[in-house]
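Structure record follows, encoded as structure tokens.
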2 protein chains.
Amino acid sequence: MDMENLIQELQNRYKLSLDSAEKLSKVIEVIQFQKGDTFIRAGKINTTEYLILEGICRSFLENVKGQEVTLSFFNSLKTISPNLTRTKNLISILNVQALTDIKLASFPTLELMRLMNENRAIEMWGNGILQKELMQKVSKEINHISLGAKERLLTFRKEYPLLENQISHSYISSYLGITNVSLSRIRKEISNNRT
Amino acid sequence: MDMENLIQELQNRYKLSLDSAEKLSKVIEVIQFQKGDTFIRAGKINTTEYLILEGICRSFLENVKGQEVTLSFFNSLKTISPNLTRTKNLISILNVQALTDIKLASFPTLELMRLMNENRAIEMWGNGILQKELMQKVSKEINHISLGAKERLLTFRKEYPLLENQISHSYISSYLGITNVSLSRIRKEISNNRT
DNA sequence: GGAAGTCATTAACATTTGATAAGAAGTAAA
DNA sequence: TTTACTTCTTATCAAATGTTAATGACTTCC
């Protein structure tokens, strides 16, 4: 993505004036991580906004048994905001990890808030992100309760097309809440039925 | 609950001054519903906050198969989750139903907002409760993915003590994501092991 | 008190998913 | 190319959960 497109993206995404978007673009730092890197950690302070330019990430947490549970995936042009991950005191409650080599546009949340200027706008922006996330969670919860593993995989494919061929399947199974072996079995069942 | 306690409850819950809490208490309307009544409906406008004085409610939604999925329970002296967390553009995104005869203290969300502004008590109050709600959802999601039905029932019992003896079990099974028959079987297993 | 209805339990069987282990396919390093 | 390593697949068996149906307990209504 070139600079002009990026500025337009910022304008749309954060409802900024052209002027503000240009200012924001000046403080943007493009950073890269390697496949496997966990760049936001639960329990650590996180005050940076990320826009994915290339690659795929996941958010995850450990359960009581020490297994990692994948909560959601982020791919190109998705944002990862501290609004999603942090508590009041700026501490992140979840981990975010690169599943491929990734390139991110990053900038301090504070800078964005400064440019948004009005408190009302900042609050609505943050609330909007959270509300959207909540609705997604409700939807995932209902899916998970109502559907069997096979149907959940089909739903996953609709929601994240292509992803199944781009990342390790263990992340997908921990997202679906099944074992790797079950995932493999279900993949086979589905492909057999499609014949 | 007498008026004095109610006012104190409002103060704590919404971080209002005594004065503001008293003002709020003046616009409170106490309403009653019968067991089974669904008094907040998905898709309908809702602009009201509720505090449960007596009884038990649940929030729920229909899944694609037409079955009702219970999202959470609310019992005495809990607020039904704040309007902000269950509406989008004033439209409710879920149903709330009385599971016993209930008595509610209700007041307009707008009035609460007005009083909060007056206090300038908490900017970002909404952000805080949305985040709290989100964390609860994340926690339930991880539980549901990581634990078997028996462990989920035990978790449910810790989170909602007594509830199991006060409401129809079909609501509990639809909350846990299992069938009524499985719930009954698991109850028996647990009580046998406790011997 | 009896009849009808609802709900929880139990049983028998089917299906799904997990656990373990072994093999196959792909990838990276020597 | 060989070796080692990881990941996905496949097979077998065990455990958990769903389905269906019958029964008993309890309420409600007449």
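Throughout, a chain's letter reflects where its sequence line sits, starting with A, and its residues are numbered from 1. For clarity, every value in this text was computed on a predicted model and none was experimentally measured.
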- Message: Determine whether the aromatic ring centres of residues B:Y50 and B:F39 are separated by less than 6.0 angstrom.
- Response: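 Aromatic pair counts; centres sit under 6.0 Å.
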
Over how many whole Å does the gap from [X] atom [atom1] to [N] atom [atom2] extend?
X: B:N165; N: C:dA8; atom1: CG; atom2: P; answer: 11 Å
X: A:E189; N: D:dT10; atom1: CD; atom2: P; answer: 11 Å
X: B:I178; N: C:dT17; atom1: CD1; atom2: C1'; answer: 16 Å
X: B:L183; N: C:dC7; atom1: CG; atom2: C1'; answer: 12 Å
X: A:N180; N: C:dA19; atom1: CG; atom2: P; answer: 11 Å

Under 4.5 Å between side-chain heavy atoms, chaining through other members, with only Ile, Leu, Val, Met, Phe, Trp and Tyr counted: pull out the rest of the cluster around [X], sorted by chain and number.
X: B:L90; result: none
X: B:I91; result: B:I45
X: A:L162; result: none
X: A:V64; result: B:L147

- Using a cut-off of strictly less than 4.0 Å between a heavy atom of the residue and any atom of DNA chain C, enumerate the qualifying residues of residues 56-64 of chain A by number.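 The answer is none.
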
Taking only nitrogen or oxygen atoms into account, show me every contact under 3.5 Å that the protein makes with nucleotides 26-29 of chain C, one pair per line with its distance.
none

- Item | Salt-bridge contact A:E68-A:R58 (side-chain N to carboxylate O under 4.0 Å) |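 Salt bridge between A:E68 and A:R58, a charged N being under 4.0 Å from a carboxylate O: yes.
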
- Task: Specify the angle, to 10°, made by the local axes at the two ends of the helix from C:dG1-D:dC30 to C:dA30-D:dT1 when five pairs are taken at each end.
- Result: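 Rounded to the nearest 10 degrees, the bend comes out at 30°.
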
- Message: So A:T179, base contact, sugar-phosphate only, or nothing? Heavy-atom distance under 4.0 Å.
- Response: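 It contacts sugar-phosphate atoms only.
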
Would you say the side chain of [Y] lies within less than 4.5 Å of the side chain of [X], judging by non-hydrogen atoms?
X: B:E164; Y: B:H169; result: yes
X: B:S106; Y: B:E29; result: yes
X: A:I178; Y: A:I186; result: yes

Collect all protein-nucleotide pairs involving nucleotides 11-13 of chain D in which both atoms are nitrogen or oxygen and the distance is under 3.5 Å.
none

- Query: With sequence neighbours left out, what residues match A:F60 under ring-ring contact (aromatic ring centres under 6.0 Å, His included)?
  - Reply: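 Once residues adjacent in sequence are excluded, A:F60 has no partner under the ring-ring contact (aromatic ring centres under 6.0 Å, His included) criterion.
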
- Task: Under the ring-ring contact (aromatic ring centres under 6.0 Å, His included) rule, collect the residues that match up with B:Y171, sequence neighbours excluded.
- Result: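 Expected list: none.
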
- Item | salt bridge (Lys or Arg N to Asp or Glu O under 4.0 Å) partners for B:E141, two or more places apart |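 A:K137, A:K140.
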
- Query: Taking atom types as modelled and ignoring hydrogens, do the side chains of B:S182 and B:R185 form a donor-acceptor contact shorter than 3.5 angstrom?
  - Reply: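 Yes, side-chain donor-acceptor contact under 3.5 Å.
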
- Message: Any donor-acceptor pair under 3.5 Å linking the side-chain atoms of A:Q131 with those of A:N127?
- Response: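 No, A:Q131 and A:N127 have no side-chain donor paired with an acceptor closer than 3.5 Å.
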
- Query: Parallel, tilted or perpendicular: which fits the ring planes of A:F107 and A:Y14, with parallel below 30° and perpendicular above 60°?
  - Reply: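 A:F107 vs A:Y14 ring planes: perpendicular.
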
- Task: Kindly state which residues belonging to residues 146-153 of chain B come within less than 4.0 angstrom of DNA chain D, counting heavy atoms of the residue only, listed by number.
- Result: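 The stretch gives B:G148, B:A149 as the residues lying under 4.0 Å from the strand, ordered by number.
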
